[in-house]
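Hydrogens, waters and symmetry mates are skipped; everything else that's a heavy atom, side chains included, is used. Numbering of ligands and ligand atoms starts at 1, following listing order.
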Amino acid sequence: MGTLIQNGTVVTADRMENADVLIEGSTIREVRAMIDPMGHTVVDASGLLVMPGGIDAHTHMDMPFGGTMSADDFLTGTRAAAIGGTTTIVDFAIQTKGSRMRDALDIWRAKAEGKACIDYGLHMIVTDLGSDNGRQGLNDMDDMVREGVASFKLFMAYPNVLMVDDGTIFKALQQTAKNGALICMHAENGSAIDVIVQQALADGKTAPVYHALTRPTKAEAEAVNRSIALAEIAGVPVYIVHLSSEDALNQVREARDRGVPAFAETCPQYLLLSIEDQMPGKSFEEAKYVFSPPLREKKNQPKLWDGLVHDHLQVVSTDHCPFCFADQKQAGKDDFTKIPNGAPGVENRLQLLYHFGVNAGKISLQRFVEITSTAPARIFGMYPKKGTIAVGSDADIVIWDPEAQHLISASTHHMRCDYSMFEGWQVKGNARLVYSRGELVVEGGRYIGGIGRGQYLRREARGGAWQ
Ligand code: URP
Ligand code: ZN
Ligand code: ZN
């Protein structure tokens with residue numbers, strides 16, 4: 001006895017068909033027209049889309065930043081994700097300077113244990129390669145790969161906190177030639193930005209907008225260019241996280257045109273929000289939009305959409321990292337450098353991309369599935385267990401109502417954050433039913449699954465074999 005999803009339109013990255021989907025246990029057993037319903041629980045998906053659950057490859061639950069913690073933990077954050085149709089996240093463990101990666105992995109798995117509502121993987125943020133000229137850290141990377149941590153993030157920004165030097169980046173890249181992992185880069189020239197920031201503060205420029213104005217797009221483009229050059233020398237792929245500007249995109253496109261395996265994600269905030277609209281420099285409310293890289297001028301938005309259409313950008317994730325306005329963001333009332341960097345978004349990614357991408361005619365339905373689910377599954381070593389609707393895959397399925405109207409608001413969202421970046425935005429298209437490993441976890445906007453049922457995902461390090 002299984003669950004039979006009948007009469008829906010099945011959409012994957014490579015096909016769209018009228019077919020039934022039979023779920024047995026935690027996996028998809030059959031996908032074809034006219035499956036015999038006898039003995040199964042039937043779900044009528046007439047007029048609805050049946051798609052692989054979303055994969056958000058960039059979230060920060062329960063993450064320390066600037067003396068505070070991101071407001072969502074693995075319970076509230078993954079529950080909100082599920083309600084929005086996302087069935088997998090890949091979060092970031094942080095190896096702090098002087099500590100071992102295994103300790104960080106243990107800490108982050110303990111944060112998720114008993115709380116995660118959907119399956120989750122972990123990237124490892126590397127801040128220090130440790131003793132023996134980095135040998136200890138490089139061995140730790142191999143150890144992490146054996147634990148299913150198939151990707152690492154390195155920072156070119158946040159000097160004295162998370163930033164690493166080019167030698168560290170290069171060594172880590174070289175190590176992935178041996179262990180098959182993927183390096184993800186936070187690409188902003190932190191040293192140059194720091195000089196500009198100090199000059200701004202000295203001039204009395206302390207308002208939130210100066211966070212954006214002190215981080216030029218060229219500082220992003222330079223770091224993207226450097227990341228790609230270092231990866232090219234090491235002979236490995238590289239993945240740029242939260243790419244925000246045309247200048248940075250041009251670096252990725254130029255490299256890809258030369259056949260270099262450079263990959264990049266952007267986020268809904270860069271596609272839809274701008275300095276002009278959200279940060280006119282008028283009030284401290286603008287702290288709600290302080291994250292890094294920052295919001296850009298509006299002219300960047302069509303370039304990023306174009307990048308998604310032409311596969312210069314492969315993924316849209318959220319960089320979900322919420323800090324409440326009423327208390328946490330206030331830390332920077334008199335100094336924008338003290339505003340915790342990050343904003344909420346994990347719940348709204350599919351709604352926003354569907355409405356402003358698919359409904360607006362900017363991207364096809366199949367491309368929507370690809371950039372929100374299939375590509376991150378492939379790139380981060382989860383495919384075809386995750387990221388598609390196929391026999392043998394995990395039954396992570398979102399049944400999507402393309403006509404559902406939804407008003408985005410902090411007063412109704414499920415993220416533990418007192419504001420939404422998209423407050424009052426009306427979108428058409430929303431998750432109606434969400435299955436995670438065959439279990440119905442969301443029905444009509446309500447989470448009905450168990451707490452802590454989400455499993456840790458051991459991801460495969462494929463050395464770029466997914467290209
Ligand atoms: O401002 C941001 N993006 N906060 C989260 C940390 C990061 O760099 O991704
Ligand atoms: Zn980052
Ligand atoms: Zn991030």
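Phe380 and Phe263 have their aromatic ring centers separated by at least 6.0 angstrom. Two rings, from His58 and His242, have their centers less than 6.0 Å apart. Ring centroids of His211 and Tyr289 are separated by 6.0 Å or more, keeping the two rings apart.
For the pair Lys288 and Phe325, the cation-pi criterion (under 6.0 Å, within 45° of the ring axis) is fulfilled. A cation-pi geometry, defined here as NZ or CZ lying under 6.0 Å from the six-membered ring centre and within 45° of its normal, does not hold between Lys115 and Phe74.
Per-residue contacts place Phe291 under 4.0 angstrom from the following atoms of ligand 1 (heavy atoms of the residue considered): 1 (O). Within the listing of ligand 1, atoms 8 (O) sit less than 4.0 angstrom from a heavy atom of Phe155. For ligand 1, the atoms closer than 4.0 angstrom to any heavy atom of His186 are 8 (O). Ligand-side atoms of ligand 1 in range of His58: 9 (O), range being under 4.0 angstrom from any heavy atom. Set against the non-hydrogen atoms of Lys153, the atoms of ligand 1 under 4.0 Å away are 7 (C), 8 (O), 9 (O).
A pairwise comparison of heavy atoms in Arg378 and Arg462 identifies O-NH1, 4.0 Å as the closest pair. Considering all non-hydrogen atoms of both residues, Gln269 and Asp319 come closest at NE2-CB, 4.2 Å.
Between the Zn ion (ligand 3) and His58 there is an N/O/S contact shorter than 2.8 Å. Residue Cys321: no N/O/S atom is found under 2.8 Å from the Zn ion (ligand 3). For a distance bound of 2.8 Å, the N, O or S atoms of Lys153 include one lying that close to the Zn ion (ligand 2).
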Derivation of the side-chain hydrogen bond (donor to acceptor under 3.5 Å, both in side chains) call for Arg296 and Ser245:
CA-CA 7 Å; Arg296 302 302 191 183; Ser245 66; 4.5 Å; no
Evaluate the criterion ring-ring contact (aromatic ring centres under 6.0 Å, His included) for residue pair Phe356 and Trp425; output intermediate values, then yes/no.
CA-CA 11 Å; Phe356 293 100; Trp425 289 30; 5.4 Å; yes
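For Tyr158, every heavy-atom contact with ligand 1 shorter than 4.0 Å involves the side chain, none the backbone.
In this structure, Phe65 does not count as a contact residue of ligand 1, since none of its heavy atoms falls inside 4.0 Å of the ligand. Heavy-atom separations between Phe92 and ligand 1 are all 4.0 Å or longer.
Between the choices Ser292, Cys184, Ser70, the shortest heavy-atom distance to atom 2 (C) of ligand 1 belongs to Ser292.
The single protein non-hydrogen atom nearest to atom 4 (N) of ligand 1 is Asn341 O, 3.1 Å, given as residue, atom name and distance. Looking from atom 6 (C) of ligand 1 to the surrounding protein, the closest heavy atom is His60 NE2, 3.6 Å. Protein heavy atom nearest atom 3 (N) of ligand 1, with residue, atom name and distance: Asp319 OD2, 2.6 Å.
Classified by interplanar angle (parallel below 30°, tilted 30° to 60°, perpendicular above 60°), the ring pair Phe92/His60 is parallel.
Atom ND1 is the N/O/S atom of His186 found closest to the Zn ion (ligand 2). The atom name of the N/O/S atom in Asp319 closest to the Zn ion (ligand 3) is OD1.
Atom NZ of Lys303 sits in a sparse spot, with 12 or fewer heavy atoms from other residues, nucleotides or ligands closer than 6.0 Å.
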